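These notes are about the structure you will find just below.
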Number of protein chains: 2
Amino acid sequence: MVQRPQKTPRKIASQKRSRVTVDALVEATARILVKDGYDRASTNRIAAVAGVSIGTLYQYFPSKEALVEAVIERHTQELSQVGQTALLKVAASPIEIALRELVRAAIDAHRVDPKLHRVLAEQVPRTGRLEDIEAVERNALPLFRAYLEAHRSEVDVADLDLAAFILVTTVEALTHSAVITRPDVLADEKADAFVEEVTQLMLRYLGRDRGAKRGTARSK
Amino acid sequence: MVQRPQKTPRKIASQKRSRVTVDALVEATARILVKDGYDRASTNRIAAVAGVSIGTLYQYFPSKEALVEAVIERHTQELSQVGQTALLKVAASPIEIALRELVRAAIDAHRVDPKLHRVLAEQVPRTGRLEDIEAVERNALPLFRAYLEAHRSEVDVADLDLAAFILVTTVEALTHSAVITRPDVLADEKADAFVEEVTQLMLRYLGRDRGAKRGTARSK
DNA sequence: GCAATATATGAGCGATCGCTCAGCAAAAAT
DNA sequence: ATTTTTGCTGAGCGATCGCTCATATATTGC
């Protein structure tokens with residue numbers, strides 16, 4: 001259990017057969033993480049579920065951490081993809097339109113694989129190379145900042161960096177919390193209200209939509 | 001390593017001597033968590049640092065999880081204390097004053113023991129009884145909701161529950177992120193600007209301070 | 001076909017872990 | 001003073017873990 005494993009894999013998958021093996025290992029890791037949690041996700045078990053021997057596992061992943069990192073990498077890519085696609089789509093739209101779409105996208109992203117997302121967020125110790133899962137935010141922040149910059153005239157804030165940080169952090173936290181611990185606020189009829197509230201939170205902060213009539217078309 | 005330990009301690013500290021022991025164990029656990037991380041925080045090591053035998057440890061804590069839970073409990077209490085005190089202090093103040101104070105309090109709370117806070121947030125697997133560290137939020141939410149309710153006339157939102165959830169989650173996420181991953185935004189000169197931005201985010205959302213002059217007295 | 005290379009196997013090592021238990025020591029009750 | 005209760009000790013058990021390595025099997029290049 002002492003951690004003095006390699007830092008790099010001994011081999012890199014080159015033939016098709018081995019690429020299949022690598023995929024199976026990553027997929028098995030994800031499945032076990034979801035089903036049994038991080039602590040019970042032993043490398044022996046992962047190899048067994050992937051249908052390969054433990055030795056094979058260590059051909060391509062130098063440590064358990066590397067395996068989990070691959071899962072995080074894959075998951076993060078999927079999330080970021082949703083976000084980037086959404087940002088591209090609304091790049092030319094005014095903030096009133098764009099922010100609403102981005103909030104929707106953030107929720108969609110968290111729904112890609114919520115169970116895995118939860119495990120990664122709650123159980124995987126962030127250590128070494130996976131210091132923070134919030135790599136998604138790191139990806140999203142500069143992109144969103146660029147959007148704000150392009151729409152500078154619609155936006156009334158002193159510090160764009162700070163504003164981008166605040167908004168990205170806020171949206172991530174709210175969608176995360178909603179998906180993970182408050183599924184009720186995302187139930188069918190209520191989901192729109194939630195999107196609307198978060199959108200308003202952002203719009204008003206940016207100095208738009210001030211004094212808009214409120215309390216209409218929102219229930220409870 | 002199989003997890004079939006007791007669920008309750010065999011003994012409960014009754015004499016002063018043993019209460020000292022219990023304190024030492026909790027304190028040692030916190031110190032080791034900070035210094036070595038969760039994985040290396042073994043019960044044997046904890047007992048050694050606390051200066052008691054491993055057997056004694058298991059007199060008062062049925063499992064490693066119970067020990068960590070005690071640390072979380074203690075830490076959570078301290079945080080909640082800061083929040084509750086602040087809320088009491090501003091209970092009668094208008095939201096323009098109160099929210100700013102609450103933001104400050106949230107930052108202060110996260111500064112109580114940031115290193116421990118970080119370890120608890122990032123490394124401790126949330127499993128079993130410690131499903132979510134965000135118990136702080138669970139404590140804060142009803143209190144803050146009550147404050148909003150008492151100031152209903154100053155607030156223009158349709159759904160108080162939803163608004164309270166959004167604001168509490170947002171403030172927690174922003175102060176957490178700032179303290180943990182962006183200490184730069186809390187540097188001396190900039191801290192006030194950060195407080196101000198977060199306060200404005202909340203105030204504007206609640207329908208106050210619309211159309212206020214911005215871009216003054218804030219730098220960069 | 002045959003060597004060379006790439007891939008896969010799995011028994012098992014060394015380390016560590018969480019935890020138990022039989023016995024001893026101090027404190028409280030009698 | 002003696003018994004009873006409470007607190008403390010630590011060697012070591014059983015389990016599991018991450019991981020290595022000697023060996024075997026596919027695949028590729030010639």
Side-chain angles (χ1 to χ4, degrees), chain A residues 1-25 28-29 32-33 36-70 123-125 127-128, chain B residues 1-26 28-29 32-33 36-71 123-125 127-128:
Chain A
M1 234 133 150
V2 131
Q3 312 290 52
R4 206 124 322 271
Q6 324 256 124
K7 276 272 149 189
T8 55
R10 322 183 179 176
K11 290 188 179 164
I12 290 177
S14 69
Q15 303 181 2
K16 201 201 300 185
R17 176 164 67 131
S18 56
R19 256 171 279 135
V20 170
T21 300
V22 169
D23 277 0
L25 282 168
T29 306
I32 294 190
L33 281 177
D36 302 321
Y38 181 82
D39 276 344
R40 280 195 260 278
S42 71
T43 49
N44 286 313
R45 200 192 284 233
I46 290 170
V49 168
V52 304
S53 84
I54 179 66
T56 299
L57 186 155
Y58 280 96
Q59 297 270 352
Y60 301 106
F61 296 93
S63 66
K64 175 182 175 179
E65 198 189 6
L67 256 174
V68 174
E69 196 181 318
Q123 287 192 35
V124 173
T127 275
Chain B
M1 236 136 151
V2 130
Q3 310 291 51
R4 206 123 324 270
Q6 323 257 123
K7 275 270 147 190
T8 54
R10 324 181 178 176
K11 290 187 181 166
I12 290 176
S14 68
Q15 303 181 3
K16 200 199 303 185
R17 176 164 64 132
S18 55
R19 256 172 279 137
V20 170
T21 299
V22 169
D23 277 1
L25 282 168
V26 176
T29 306
I32 293 189
L33 281 177
D36 302 321
Y38 181 83
D39 276 345
R40 280 196 261 278
S42 71
T43 48
N44 286 313
R45 200 192 283 235
I46 290 170
V49 169
V52 303
S53 85
I54 180 65
T56 300
L57 184 155
Y58 280 96
Q59 298 271 351
Y60 302 106
F61 297 94
S63 66
K64 176 183 174 178
E65 197 189 8
L67 255 174
V68 175
E69 196 182 318
V71 172
Q123 288 192 35
V124 173
T127 274

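Proteins get letters first, then strands, A, B, ... in listed order; numbering begins at 1 in each. Below, each value reflects all heavy atoms present in this structure, side chains not excepted, and no hydrogens, waters or symmetry copies. Because the structure is a prediction, the values reported are computed rather than measured.
- Side-chain N or O atoms of A:Gln123 include one that pairs as donor or acceptor with a backbone N or O of A:Tyr38 at under 3.5 Å.
- For B:Ala50 against B:Ala24, the heavy-atom pair with the smallest separation is CB-O, 3.7 Å.
- Between the CG atom of B:Asp39 and the P atom of D:dT16 there is a distance of 18 Å, rounded to whole Å.
- When A:Ile46, A:Leu57, A:Val49 are each tested for a side-chain contact (heavy atoms from CB on, under 4.5 Å) with A:Thr29, only one passes: A:Ile46.
- Of the two residues near DNA chain C, B:Lys64 and B:Arg17, the one whose nearest nucleotide lies more 5' is B:Lys64.
- Protein atom CZ of B:Arg19 is 9 Å distant from nucleotide atom P of D:dG7, rounded to whole Å.
- Shortest non-hydrogen contact noted between B:Thr21 and B:Val52 is CG2-CG1, 3.8 Å.
- Nucleotide C:dC19 holds its P atom 9 Å from the CG atom of B:Leu67, rounded to whole Å.
- For B:Asp36, the side chain to side chain contact (heavy atoms under 4.5 Å, CB included) criterion is met by B:Ile32, B:Arg40, B:Arg45, not counting sequence neighbours.
- Comparing D:dG10, C:dA8, C:dG10 against the side chain of A:Tyr60 picks out C:dA8 as the nearest.
- For the contact set between residues 42-50 of chain B and DNA chain C, defined by any heavy atom under 4.0 Å, the members are B:Ser42, B:Thr43, B:Asn44.
- Comparing B:Thr21 and A:Thr56, the nucleotide of DNA chain D nearest to each residue sits closer to the 5' end for B:Thr21.
- At the phosphate of D:dC21, neither OP1 nor OP2 sits under 4.0 Å from any side-chain N or O atom of A:Tyr58.
- Between A:Gln59 atom CD and D:dA24 atom C1' there is a gap of 13 Å when expressed in whole angstrom units.
- The side chain of A:Ser53 contributes an N or O atom lying less than 4.0 Å from OP1 or OP2 of C:dT9.
- Rounded to an integer number of Å, the gap from CG of B:Leu57 to P of C:dC17 is 14 Å.
- Contact annotation: A:Ser18 does not reach the phosphate of C:dA8 (side-chain N/O to OP1 or OP2, under 4.0 Å).
- The CG-C1' distance, from B:Leu25 to C:dG18, rounds to 15 Å in whole Å.
- With rounding to the nearest 0.5 angstrom, the CD1 atom of B:Ile54 is 4.0 Å from the OG1 atom of B:Thr43.
- Across all their heavy atoms, A:Leu25 and A:Ala47 have their closest contact at CD2-CA, 4.3 Å.
- Computed from coordinates, the A:Gln15 CD to C:dA6 C1' distance equals 5 Å when rounded to whole Å.
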